[in-house]
Amino acid sequence: MPELPEVETVARRLRIGDTKGSYSFGTPGLIGWRVSDVNLIWARSLFQPDPAEFARRLVGQTLGNVSRRGKFIVMTFASSTLLAHLRMSGDLRVELDTAPLQPHDRAWLAFDHPGDTMRLRLAFNDPRKFGRLWLVDDPQTVLGGLGPEPLDPPFTAGELYLRLHATTRQLKPLLLDQSFLAGLGNIYTDEALHLARLHPLTPANRVTTEQAGALWAAIRAVLEEGIRRNGASIDWVYRGGDFQNYFRAYQRTGQPCPACGTLIQRIVVGQRGTHFCPTCQPAPG
DNA sequence: CACGTCACCTGCGTGC
DNA sequence: TGCACGCAGGTGACGT
């Protein structure tokens with residue numbers, strides 16, 4: 001799924017709630033709520049630690065903050081950090097703890113709140129079972145290998161240019177590499193390369209200063225638009241966003257390029273479907 | 001180092 | 001209808 005904008009949308013929902021939730025009153029954010037119970041339905045969803053220690057360390061802790069790093073959701077408790085990676089099909093739901101569990105729910109945490117009779121559930125739903133949870137003392141043990149955060153100030157066009165010129169790798173797989181840049185996935189990589197008018201197979205070290213500037217601006221533009229539209233909802237996995245209605249290239253094989261009308265082509269790069277306009281994004285060399 | 005292949009999983013659309 | 005097959009928002013472990 002879930003790339004940076006979708007993960008940001010999920011993190012925001014956990015942090016500040018959602019007035020358009022499943023209930024008339026929406027769902028509140030979970031900051032300040034206390035874990036009263038945990039249940040692991042599919043044990044392999046938990047990467048670290050073992051289930052018994054997971055429960056022992058989490059129950060009784062109060063959630064201090066929810067943020068995002070790359071495609072990870074970062075839930076900060078007083079003495080540990082819960083990390084979630086949604087991989088291809090994961091999602092996190094906040095609901096009343098009386099709501100029925102859903103098919104493909106893999107784990108849940110129950111929350112209570114001082115002076116409040118309401119109890120909430122945070123459910124981790126993941127049809128394909130690729131998603132993972134970690135409970136750690138130091139989040140850097142999991143997040144330490146990630147590249148720059150593309151929307152943060154230290155990530156400049158000049159920084160991108162320098163990183164591109166450190167390798168001969170093709171742009172598409174390079175941008176998907178989370179140690180090069182954190183947060184891009186298949187959708188936003190295709191969208192950014194199209195907007196920047198760069199062919200997905202271009203060797204990174206052959207990108208000019210101007211092209212690096214265009215790619216930097218394009219990455220930020222597509223991510224910001226994705227966040228503004230609450231992410232993309234595609235296939236049978238509906239997540240509430242509508243960026244899928246504004247794709248320029250991704251999954252538009254055979255449809256006209258919005259810039260020039262040429263039909264979008266699909267190739268396979270590193271086992272991933274890759275969509276581009278052969279006119280706007282001419283082959284390198 | 002760069003690239004290819006497979007594995008991990010389930011569900012959906014397509015075509016025979 | 002049934003059933004194979006290809007495809008899917010990700011990543012990590014291998015082999016060459």
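Residue numbers start from 1 in every chain, and the chains themselves are labelled A, B, ... in the order their sequence lines are given, proteins ahead of strands. Bear in mind the structure is a predicted one, so any value in this text is a computation, not a measurement. Any value given below was found using the heavy atoms of this structure, including those in side chains, with hydrogens, waters and symmetry copies removed.
With sequence neighbours excluded, the residues forming a side chain to side chain contact (heavy atoms under 4.5 Å, CB included) with A/Phe155 are A/Pro148, A/Pro150, A/Glu159, A/Leu160, A/Leu181, A/Trp216, listed by chain and number.
Side-chain proximity of A/His104 to C/dG10, B/dG11, B/dA2: nearest is B/dG11. Listed nucleotides B/dT10, C/dT11, C/dG9 differ in distance to A/Asn186; the shortest reach to its side chain belongs to C/dG9. For A/Tyr250, taking side-chain heavy atoms from C-beta onward, the closest of the listed nucleotides C/dG9, C/dG10, B/dT10 is C/dG9. Of the candidates B/dT10, C/dG9, C/dT11, the closest approach to any side-chain atom of A/Glu6 belongs to C/dG9. The A/Ile234 side chain lies nearest to C/dG9 when the options are B/dA2, B/dT10, C/dG9.
One atom, CE of A/Met88, and another, C1' of B/dG11, lie 12 Å apart when rounded to the nearest Å. To the nearest angstrom, P of C/dT11 lies 14 Å from CZ of A/Phe47. Distance CG (A/Asp126) to C1' (C/dG10): 11 Å, rounded to an integer number of Å. Atom CG of A/Asp177 and atom P of B/dA2 are 10 Å apart (whole Å). One atom, CG of A/Leu86, and another, P of B/dC9, lie 17 Å apart when rounded to the nearest Å. Residue A/Ile267 contributes atom CD1, which lies 13 Å from atom P of B/dC3 at whole-angstrom precision. Computed from coordinates, the A/Leu223 CG to C/dG9 P distance equals 16 Å when rounded to whole Å. Between A/Leu175 atom CG and C/dG10 atom C1' the separation is 15 Å, expressed in whole Å.
Under the 3.5 Å distance criterion, with hydrogens and angles disregarded, a donor-acceptor pair is assigned to the side chains of A/Asp126 and A/Ser89.
Atom CZ of A/Arg197 has 12 or fewer neighbouring heavy atoms from other residues, nucleotides or ligands inside a 6.0 Å radius. With a 6.0 Å radius and a threshold of 12 heavy atoms from other residues, nucleotides or ligands, A/Arg34 has its CZ atom at or below the threshold.
A salt bridge between A/Asp91 and A/Arg13 is present, with a side-chain N of the basic residue lying under 4.0 Å from a carboxylate O of the acidic one.
Between B/dA2 and A/Thr167, a contact under 4.0 Å exists linking OP1 or OP2 to a side-chain N or O. The phosphate of C/dT11 (OP1 or OP2) has a side-chain N or O of A/Gln178 nearer than 4.0 angstrom. Side-chain N/O atoms of A/Arg272 include one lying less than 4.0 angstrom from OP1 or OP2 on C/dG9. Checking the phosphate oxygens (OP1, OP2) of C/dG9, no side-chain nitrogen or oxygen of A/Lys71 falls inside 4.0 Å. For the pair A/Gln271 and B/dG4, the criterion of a side-chain N or O lying under 4.0 Å from OP1 or OP2 is not met. In terms of phosphate contacts, A/Arg266 brings a side-chain nitrogen or oxygen within less than 4.0 Å of OP1 or OP2 of C/dA8. Within the structure, a side-chain polar atom (N or O) of A/Lys129 is placed less than 4.0 Å from OP1 or OP2 of B/dT10.
Among the atoms of the strands shown, only primed sugar atoms or phosphate atoms (P, OP1, OP2) are found under 4.0 Å from some heavy atom of A/Gln251. Looking at heavy-atom distances under 4.0 Å, A/Arg132 makes no contact with the nucleic acid at all. Counting non-hydrogen atoms under 4.0 angstrom, A/Ser233 reaches a base of the nucleic acid.
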> How does DNA chain C look in dot-bracket notation if pairs are Watson-Crick or G-U with both distances under 3.5 Å, crossing ones as [ ], other-strand ones as |?
Replying inline: .|||||||.|||||||
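Distance check on atom P: C/dC7 versus B/dC6 gives 14 Å, rounded to whole Å. Atom P of B/dA7 sits at a distance of 15 Å from the matching atom of C/dG6, rounded to the whole Å. Of the P atoms belonging to B/dC1 and C/dG10, the separation is 24 Å, rounded to the nearest Å.
When all heavy atoms of A/Gly185 and A/Glu3 are compared, the pair lying nearest together is N-OE1, 2.8 Å.
Residue A/Phe130 and nucleotide C/dT11 are not classified as a stacked aromatic pair, given the requirement of ring centres less than 5.5 Å apart at an interplanar angle below 30°.
Atom NZ of A/Lys172 and atom NE2 of A/His275 lie 7.5 Å apart (nearest 0.5 Å).
Place A/Arg128 and A/His85 on DNA chain C by their nearest nucleotides, and A/Arg128 ends up nearer the 5' end.
Residue A/Glu3 places no side-chain atom within donor-acceptor reach of the base of C/dG9, judged by atom type and a 3.5 Å distance cut-off alone.
A cation-pi geometry, defined here as NZ or CZ lying under 6.0 Å from the six-membered ring centre and within 45° of its normal, does not hold between A/Arg121 and A/Phe111.
Proximity of a side-chain donor or acceptor of A/Gln178 to a complementary backbone N or O of A/Leu184 within less than 3.5 Å is detected.
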